[in-house]
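All remarks here apply to the structure that follows.
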Amino acid sequence: QVQLVESGGGLVQAGGSLRLSCVASGTIFSINAMGWYRQAPGKQRELVASATSGGTTQYADSVKGRFTISRDNAKNTVYLQMNSLKPEDTAVYYCNADRVRTSQFPIFREYWGQGTQVTVSS
């Protein structure tokens, strides 16, 4: 079983910064992509940023230039540095691990963290 544990959420004023961390634990052979999604009240969950094991990253247009995703493959950890935060960034942020391989067999699964609240006050 694979577990994703997030940390680093909290309350911050507009213009401030936060850093989210997510560690994947369990029997893990490989993880293709790790990333962050967010869901604000009354809205659908949306991709914020993702990073593949090869270093390819992608960002939502709304966070480009303000958020930076990074990944430590050896530690199965992904980070999200969030700068110049805005009230509209307020949401529950979920860590995602995609195409996770947990054995020598080519069976891949997706996992989600429990979510961490980020609140940006104006």
Side-chain angles (χ1 to χ4, degrees):
Q1 183 73 359
V2 174
Q3 287 189 321
L4 303 183
V5 179
E6 302 123 330
S7 61
L11 173 64
V12 65
Q13 287 189 333
S17 299
L18 283 174
R19 188 187 192 219
L20 304 182
S21 300
C22 172
V23 179
S25 63
T27 303
I28 298 171
F29 275 50
S30 65
I31 303 175
N32 178 40
M34 296 188 77
W36 294 92
Y37 288 70
R38 67 186 180 187
Q39 187 167 19
K43 294 188 177 182
Q44 289 188 330
R45 190 174 297 189
E46 63 174 357
L47 173 68
V48 176
S50 68
T52 68
S53 56
T56 300
T57 59
Q58 68 175 95
Y59 295 91
D61 288 343
S62 59
V63 307
K64 284 180 180 176
R66 300 187 298 123
F67 292 9
T68 302
I69 190 169
S70 60
R71 185 174 161 180
D72 185 333
N73 292 329
K75 296 182 179 179
N76 292 323
T77 300
V78 65
Y79 307 96
L80 184 68
Q81 178 65 43
M82 304 185 293
N83 298 329
S84 301
L85 282 161
K86 304 175 181 179
E88 50 263 44
D89 295 317
T90 295
V92 177
Y93 284 69
Y94 296 91
C95 180
N96 173 269
D98 189 32
R99 289 184 63 78
V100 180
R101 187 173 179 177
T102 58
S103 73
Q104 70 273 28
F105 301 105
I107 299 172
F108 302 92
R109 293 189 175 91
E110 181 181 33
Y111 295 91
W112 291 90
Q114 79 285 355
T116 185
Q117 178 70 47
V118 171
T119 302
V120 185
S121 63
S122 57

ILVMFWY cluster membership beyond Tyr111 - transitive side-chain contacts under 4.5 angstrom: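 Tyr111 shares its hydrophobic cluster with Val2, Leu4, Val12, Leu18, Leu20, Ile28, Ile31, Met34, Trp36, Val48, Tyr59, Val63, Phe67, Ile69, Val78, Leu80, Met82, Leu85, Tyr93, Val100, Val118, Val120.
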Which heavy-atom pair separates [X] from [Y] by the least distance, and what is that distance?
X	Y	result
Gln81	Ser17	NE2-CB, 4.0 Å
Val23	Lys75	CG1-O, 4.2 Å
Ser122	Ala14	CA-CB, 4.3 Å
Gln58	Leu47	NE2-CD2, 3.2 Å
Asp89	Arg66	OD2-NH1, 2.8 Å

For this session: May I have all residue pairs that pass salt bridge (Lys or Arg N to Asp or Glu O under 4.0 Å) and include part of residues 92-119, sequence neighbours excluded?
Result: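 Every pair satisfying salt bridge (Lys or Arg N to Asp or Glu O under 4.0 Å) with a residue in residues 92-119: there are none.
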- Message: Does atom CD (Gln104) have a neighbourhood of more than 12 heavy atoms from anything else shown, all under 6.0 Å?
- Response: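 Yes, the 6.0 Å shell around CD holds more than 12 heavy atoms from other groups.
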* What do you reckon, is CD of Glu46 surrounded by more than 12 foreign heavy atoms closer than 6.0 Å? ->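 Above 12, so yes.
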Flag, side chain of [X] to backbone of [Y], donor-acceptor distance under 3.5 Å:
X	Y	answer
Asp72	Thr77	no
Glu6	Gly115	yes
Arg38	Ala91	no

salt_bridge(Lys64, Asp61) N-O dist < 4.0 Å =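 Salt bridge present between Lys64 and Asp61.
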What residues form a ring-ring contact (aromatic ring centres under 6.0 Å, His included) with Tyr79, not counting sequence neighbours?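 Testing Tyr79 for ring-ring contact (aromatic ring centres under 6.0 Å, His included), a comparison that skips the adjacent residues, returns none.
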Rounded to the nearest 0.5 Å, what's the gap from [atom1] on [X] to [atom2] on [Y]? Could you check?
X	Y	atom1	atom2	result
Phe105	Phe29	CZ	CZ	9.5 Å
Thr90	Gln117	OG1	CD	7.0 Å
Gln3	Cys22	CD	SG	11.0 Å

